[in-house]
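Note sheet for the following structure.
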Amino acid sequence: MNTHKAHCLILPYPVQGHINPMLQFSKRLQSKRVKITIAPTKSFLKNMKELPTSVSIEAISDGYDDDGINQAKTYESYLARFKKVGSDTLAQLIKKLAKSGCHVNCIVYDPFLPWAVEVAKQFGLISAAFFTQNCVVDNIYYHAHKGVIDWMSKIYPIKTIGPTIPSMYLDKRLHDDKEYGLSMFKPMTNECLNWLNHQPISSVLYVSFGSLAKLGSEQMEELAWGLKNSNKSFLWVVRSTEEPKLPNNFIEELTSEKGLVVSWCPQLQVLEHESIGCFLTHCGWNSTLEAISLGVPMVAMPQWSDQPTNAKLVKDVWEIGVRAKQDEKGIVRREVIEECIKLVMEEDKGKLIRENAKKWKEIARNVVDEGGSSDKNIEEFVSKLMTISSK
Ligand code: UDP
């Protein structure tokens with residue numbers, strides 16, 4: 001029996017940091033009886049180590065089915081081909097779903113794929129843009145940019161939702177929602193948790209630059225010595241493609257009391273662990289939201305894109321971290337890194353930052369819980385969807 005109220009086709013841009021929030025939004029919609037089909041690209045799905053079981057998955061094509069963007073000559077040529085082949089394969093998918101009796105009512109698309117609107121129009125469907133990075137979609141961001149968002153909402157119907165992290169780390173209302181479910185890398189879960197279980201409470205610095213950022217060799221070396229000199233135990237995620245940039249014998253000489261270097265970790269479980277006292281982060285939007293939601297203070301070391309803005313919010317607006325400043329060559333030096341870590345983890349100065357982090361954790365949980373602003377906005381989105389779908 002068909003019990004769903006409407007059917008949303010979710011169209012993410014195929015990178016981890018964009019897919020995670022859309023997937024979480026999907027799960028929330030699904031819990032309100034909206035059928036979800038998520039359609040990443042074939043090449044993205046090919047490289048997945050884990051797939052979510054809770055939503056239907058289909059694929060479209062970006063025109064580079066073997067290796068996605070890595071096959072394209074330039075970013076511009078990638079986007080151009082994605083637009084052409086993506087529009088065609090999206091249209092085919094909509095027809096296929098209709099044929100199987102599963103008519104789509106709405107396309108929720110990543111604004112990196114604006115052509116989805118044209119495809120939606122061809123089929124008389126409604127479309128909704130989902131801003132994944134630090135844009136209007138997130139409640140936490142809304143707190144920081146209320147004026148701008150209120151102004152924009154006079155022009156477009158805008159709703160803020162989130163933080164988009166799995167429910168079991170926030171309101172715990174979706175019992176099987178413990179993981180994002182889609183992962184490009186295989187986490188070294190046992191190694192990380194076993195090691196963390198042996199560390200004292202709030203004693204460990206967690207270090208990660210997410211799934212995309214590439215540090216230069218000089219920066220990598222400064223970071224390595226900054227971590228060592230801080231005299232804190234650290235868990236450092238160094239993706240295998242980044243590992244050659246570590247100083248010679250760095251891993252070999254690292255004792256297990258001092259630190260652990262892994263190629264990928266279960267970040268949510270790590271941030272939730274009682275031994276974690278601070279997160280040295282590139283301030284990717286997901287990482288920032290995860291740290292906020294789990295009450296972990298931060299040392300911000302932004303690299304590009306929205307990360308400098310996120311770092312500013314962390315330091316100046318929410319006051320839940322410090323920013324490690326670059327020198328005139330654009331490098332954050334080891335002394336600066338050491339000082340920032342100590343400031344957040346040790347000193348009196350860091351007390352307010354640590355207290356604020358706890359405060360924001362509470363706010364994050366409340367907004368997604370029943371009756372919170374995110375929950376209400378999702379309800380409103382669903383009722384609008386139903387009204388339009390039933391016309
Ligand atoms: N992540 C993870 N394990 C790691 C490092 C990162 O699971 O070892 C996840 C992290 O929880 C986040 C995502 O990868 O959900 C990274 O997204 P973010 O927006 O922070 O950064 P990006 O990778 O887009 O630069």
Side-chain angles (χ1 to χ4, degrees), residues 12-27 40 44 47-52 68-69 110-112 130-135 137-138 140-141 162-170 177-193 195-196 204-215 234-243 259-273 276 279-294 296 298-311 313-314 321 364:
Y13 184 74
V15 292
Q16 187 84 56
H18 281 228
I19 287 201
N20 286 357
M22 276 185 125
L23 199 52
Q24 289 313 120
F25 179 52
S26 302
K27 292 177 192 168
F44 184 81
N47 292 321
M48 281 300 94
K49 302 285 181 277
E50 289 171 21
L51 286 177
I69 195 165
D110 189 305
F112 279 29
F130 183 97
F131 290 81
T132 48
Q133 301 298 58
N134 75 24
C135 285
V137 81
D138 209 280
I140 298 290
Y141 198 70
T164 44
I165 81 159
S167 171
M168 289 311 281
Y169 293 93
L170 288 165
D177 188 23
K178 297 191 181 79
E179 302 292 337
Y180 292 109
L182 268 172
S183 181
M184 290 164 74
F185 304 94
K186 198 165 172 38
M188 295 170 67
T189 305
N190 289 340
E191 288 89 335
C192 293
L193 297 181
W195 185 79
L196 289 174
V204 176
L205 170 74
Y206 169 55
V207 186
S208 164
F209 286 79
S211 60
L212 299 168
K214 294 177 182 142
L215 299 188
F234 58 85
L235 170 59
W236 186 7
V237 177
V238 180
R239 300 191 314 274
S240 44
T241 46
E242 292 287 283
E243 209 186 294
L260 179 68
V261 176
V262 294
S263 57
W264 195 250
C265 80
Q267 183 163 299
L268 285 160
Q269 289 181 60
V270 166
L271 288 172
E272 191 192 33
H273 201 280
I276 297 295
F279 182 13
L280 193 159
T281 170
H282 69 312
C283 287
W285 189 234
N286 293 288
S287 295
T288 307
L289 285 183
E290 290 162 10
I292 292 176
S293 302
L294 294 164
V296 181
M298 288 171 257
V299 172
M301 236 178 101
Q303 303 297 303
W304 63 311
S305 183
D306 58 337
Q307 296 156 16
T309 316
N310 302 341
L313 296 173
V314 165

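Numbering starts at 1 and runs along the sequence shown. Counting starts at 1 for both ligands and their atoms, following the listed order. Just so we're clear, the structure is a prediction, and the values are computed from it rather than from any experiment.
Among Y180, W264, W236, the residue whose heavy atom lies closest to atom 5 (C) of ligand 1 is W264. Proximity annotation for atom 23 (O) of ligand 1: of G210, G17, S211, S211 comes nearest, heavy atoms only. Compare Q16, E290, M188 by their heavy atoms: the one nearest to atom 12 (C) of ligand 1 is in E290.
Residues S211 and F185 form a side-chain contact, since some pair of their non-hydrogen atoms from C-beta on lies under 4.5 Å apart.
Residue-to-ligand polar distances keep T288 apart from ligand 1: every N/O pair is separated by 3.5 Å or more. The shortest N or O to N or O distance between S208 and ligand 1 is not under 3.5 Å.
Residue-ligand proximity, W285 to ligand 1, at heavy-atom distances under 4.0 Å covers atoms 19 (O). Atoms of ligand 1 lying under 4.0 Å from at least one heavy atom of H282, given by number and element, are 20 (O), 21 (O), 22 (P), 25 (O). Numbered from 1 in the order shown, with element, the atoms of ligand 1 that lie under 4.0 Å from a heavy atom of G284 read 18 (P), 19 (O), 20 (O), 21 (O). The atoms of ligand 1 that sit less than 4.0 Å from any heavy atom of S287 are 18 (P), 20 (O). Counting the atoms of ligand 1 from 1 in the order shown, those under 4.0 Å from a heavy atom of V237 are 8 (O).
The shell of residues lying under 4.0 angstrom from ligand 1, judged by heavy atoms, excludes L268. For the ligand labelled ligand 1, residue C265 lies inside the 4.0 Å heavy-atom shell. Not close to ligand 1: F185, with no non-hydrogen atom less than 4.0 angstrom away.
Partner of L235 under the side-chain contact (heavy atoms from CB on, under 4.5 Å) criterion, out of L205, V207, V262, V261: V262 alone.
Side-chain contact of S287 with Q267: a donor-acceptor pair under 3.5 Å is present, judged by distance alone. For the 3.5 Å distance criterion, the side chains of N20 and Q16 qualify, holding a donor opposite an acceptor.
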Start with the C-alpha distance between V237 and Y206, add both sets of side-chain angles, then the distance that settles side chain to side chain contact (heavy atoms under 4.5 Å, CB included), and finish with yes or no.
-> CA-CA 8 Å; V237 177; Y206 169 55; 3.6 Å; yes
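At a 4.0 Å heavy-atom cut-off, ligand 1 touches N286 through backbone and side chain alike.
The two residues A213 and R239 come nearest to each other via the heavy atoms O-NH2, 2.9 Å.
No side-chain donor-acceptor contact under 3.5 Å links N47 to the backbone of M184. The closest donor-acceptor contact from the side chain of K27 to the backbone of Y180 lies under 3.5 Å.
The CD atom of Q303 lies 5.0 Å from the CG atom of L215; values are rounded to the nearest 0.5 Å.
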